[in-house]
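No experiment lies behind these values; they were computed from the predicted model shown.
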Amino acid sequence: MSWLSGRKDAQSRRSGIVTVLDVGSSKVCCVVAKLKPSEEGQLLRGRTHQARVIGIGHQKSQGVKSGVVVDLDRAEHAIRLAVDAAERMAGLTVDSLIVNLTAGRLKSRSFSATINLGGHEVDTADIRRVLAAGAKQALKAEREVVHSLPVAFSLDAERGMRDPRGMLGDTLGVDMHVLTGDSAPLRNLELCINRSHLSVERMVATPYASGLAALVDDELEMGAACIDMGGGTTTISVFADGKFVYGDAIPVGGSHVTMDMAKGLSTRLDDAERLKVMHGSALPGSADDRDLVSIQPIGSDDGEAPLQIPRSVMTRIIRARIEETLEMLRDRLNKSGYGNAVGKRVVLTGGASQLSGLPEAARRILGRNVRIGRPLGVAGLPEAAKGPAFATAVGLLIYPQVASFESAQAGGFARLRMTGTGGKFHRMSQWLRDSF
């Protein structure tokens, strides 16, 4: 059903190459992977292909703050370096890529639409018509549709159909999840990539990508939330019945914890980051008052003796910010109306989720079971890239395999209405359909 699985003829031996770019506030990561049709009976059912990483490059992010490009030149420089490294390792030249999108005040809305069938069989054109009718409602001034996904179809009075093609009925209805973002941050991110002589094939919301990478099939089906804690932004996505039904982002992340520590302890940002990684914890420990940590104050000479402070001072600063972030996420989740769909399952991912004691703090504040999610289902990742910090990049590699209804059938409007992206993704999807 996905547009990657098509004719399994002699051409199926050819493999597609997919390039993805994760532009974050703390790192920029480019991954080049080869897609190969997967055998039946694989662990992850929704995937039509196996992705094998053949090139990866990552760079400290510059010119990006909370997912928004704030300095075009510096951001372009970081993107070029990351893409160059991935190209060199893969031994090929990249011209277009799938990019993640975190900025732009992402908002999820649900829409319903129906069309008249007149008693004939549902075909792909009908699905395209009903999805277009649903997405039209979402278009607002200064906003762009990032994703427009069918959650369930209905045929006459029967609801909850997954794929109504070939069935008979009078009216075809769809419940849709439409995720929109502000146009300006989207355009600036694209401009930045165009300046590096690359084109954007598709923009995928970070929460969607992270959820695809970190959740296992049963979680996708039963309902679960994926919280991606990055450097400058924390995003949340909810999946139910195998579908992405809600996404949101808040502009707070791991770098805010570092900044709080640098201010509270009057030390340099680099030193604060090192202290956070080495000694930081979101949970108070019994020996925290006795354990001393060395701190080099700002402006002191290297020859001066460092200050010694109890570890509990540091833990208090970290806890305050982490608890505030988790409480904001809990409120957003409860307000979304999908709190019940999530049940007791929450998966934490992203670089900032590696902070010691964070799962316990999240369990207490969210009142749900929490586990750390690592990216699943992609071969060839170097050891350093197997952690939660690379979930978004891996999710972007998985995205083309699951984008069936959104892109192929809904190609007319799901393509970004932006300069220079006129249907590149659609052409690629056509090629993938014909090749496999």
Side-chain angles (χ1 to χ4, degrees), residues 17-35 51-103 185-206 209-210 213 228 230-233 235 253-255 270 273 349-352 354 375 378-400 420-421 424:
I17 299 278
V18 171
T19 307
V20 300
L21 182 68
D22 170 5
V23 181
S25 311
S26 53
K27 71 171 188 318
V28 175
C29 175
C30 177
V31 182
V32 184
K34 226 182 177 84
L35 290 185
R52 170 162 283 283
V53 172
I54 56 173
I56 184 166
H58 54 97
Q59 214 42 52
K60 193 173 185 322
S61 184
Q62 298 172 19
V64 180
K65 191 174 180 185
S66 289
V68 183
V69 175
V70 290
D71 183 330
L72 272 175
D73 292 337
R74 291 178 64 202
E76 179 197 335
H77 181 64
I79 288 170
R80 274 177 192 259
L81 289 174
V83 174
D84 280 352
E87 284 181 331
R88 273 205 302 278
M89 186 169 161
L92 51 84
T93 310
V94 169
D95 61 348
S96 64
L97 15 83
I98 298 174
V99 184
N100 69 326
L101 177 77
T102 315
L186 270 77
R187 294 227 164 100
N188 286 326
L189 177 60
E190 192 186 25
L191 174 63
C192 207
I193 290 160
N194 292 159
R195 280 174 52 158
S196 307
H197 305 295
L198 296 160
S199 62
V200 174
E201 214 145 272
R202 188 78 176 83
M203 284 194 176
V204 180
T206 301
S210 298
D228 184 310
T233 324
T235 64
S255 56
D270 289 351
E273 178 67 33
T349 187
Q354 298 171 92
V378 171
L381 277 173
E383 244 352 274
K386 284 184 178 168
F390 289 84
T392 305
V394 170
L396 293 173
L397 290 174
I398 296 162
Y399 172 78
T421 55
K424 189 101 200 277

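Looking at heavy atoms from C-beta onward, Val83 lies out of side-chain contact with Ser196 at the 4.5 angstrom threshold. The side-chain heavy atoms of Ile54 and Ile17, taken from C-beta on, include a pair separated by under 4.5 Å. Side chains of Leu397 and Val53 form a contact here, defined as non-hydrogen atoms less than 4.5 Å apart. With a 4.5 Å cut-off on side-chain heavy atoms, Val64 and Val28 do not count as touching.
Taken from CG in Asp73 to CD in Gln62, the straight-line distance is 11.0 Å, to the nearest 0.5 Å. Atom CD1 of Ile79 is separated from atom SG of Cys29 by 12.0 Å, given to the nearest 0.5 angstrom. From Leu381, atom CG reaches atom CZ of Phe390 across 8.5 Å, with rounding to the nearest 0.5 Å. In this structure, CG in Leu81 is found 4.0 Å from NE2 in His77, a value given to the nearest 0.5 Å. Taking CG from Asn194 and CG from Leu189, the interatomic distance works out to 9.5 Å, rounded to the nearest 0.5 Å. Of the inter-residue distances, the one linking Glu201 atom CD with Ile98 atom CD1 reads 5.5 Å to the nearest 0.5 angstrom.
Side-chain atoms of Glu273 never come within 3.5 Å of backbone atoms of Asp270 as a donor-acceptor pair (strictly under, hydrogens ignored). A distance-only check finds no donor-acceptor pair linking the side chain of Lys27 to the backbone of Gly351 [under 3.5 Å].
A donor-acceptor contact closer than 3.5 angstrom is absent between the side chains of Ser61 and Ser26.
The minimum heavy-atom distance linking Gly57 with Ala85 is given by the pair CA-CB, 3.8 Å. Residues Val69 and Cys192 share a closest heavy-atom pair of CG1-SG, 4.3 Å. Nearest heavy-atom pair, Ala78 versus Gln59, reported as atom, atom and distance to 0.1 Å: O-CG, 3.7 Å. Here the closest heavy-atom approach between residue Gly230 and residue Ala352 is recorded as O-CB, 3.7 Å. Minimum interatomic distance between Met89 and Ile56 (heavy atoms only, all atoms of both residues): SD-N, 3.6 Å. Of all non-hydrogen atoms in Ala82 and Cys30, the two that sit nearest each other are O-CB, 3.8 Å.
The side chain to side chain contact (heavy atoms under 4.5 Å, CB included) with Val32 is formed by just one residue from the set Leu97, Val94, Val18; it is Val94. Considering Thr235, Thr392, Thr349 as possible partners of Asp228, the one that fulfils the side chain to side chain donor-acceptor pair (under 3.5 Å) test is Thr392.
Residues forming a side-chain hydrogen bond (donor to acceptor under 3.5 Å, both in side chains) with Asn100 (at least two apart in sequence, or on another chain): Asp22, Thr206. In this structure, the salt bridge (Lys or Arg N to Asp or Glu O under 4.0 Å) partners of Glu76, at least two apart in sequence or on a different chain, are Arg80, Arg195.
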**Asked** Given the rule in the side chain to side chain contact (heavy atoms under 4.5 Å, CB included) test, do Glu190 and Met203 qualify, once you have shown the distances and angles that lead to the verdict?
**Response** CA-CA 9 Å; Glu190 192 186 25; Met203 284 194 176; 3.9 Å; yes
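Counting only residues at least two apart or on different chains, the salt bridge (charged side-chain N to carboxylate O under 4.0 Å, His left out) pairs with a member in residues 382-391 are Glu383-Lys386.
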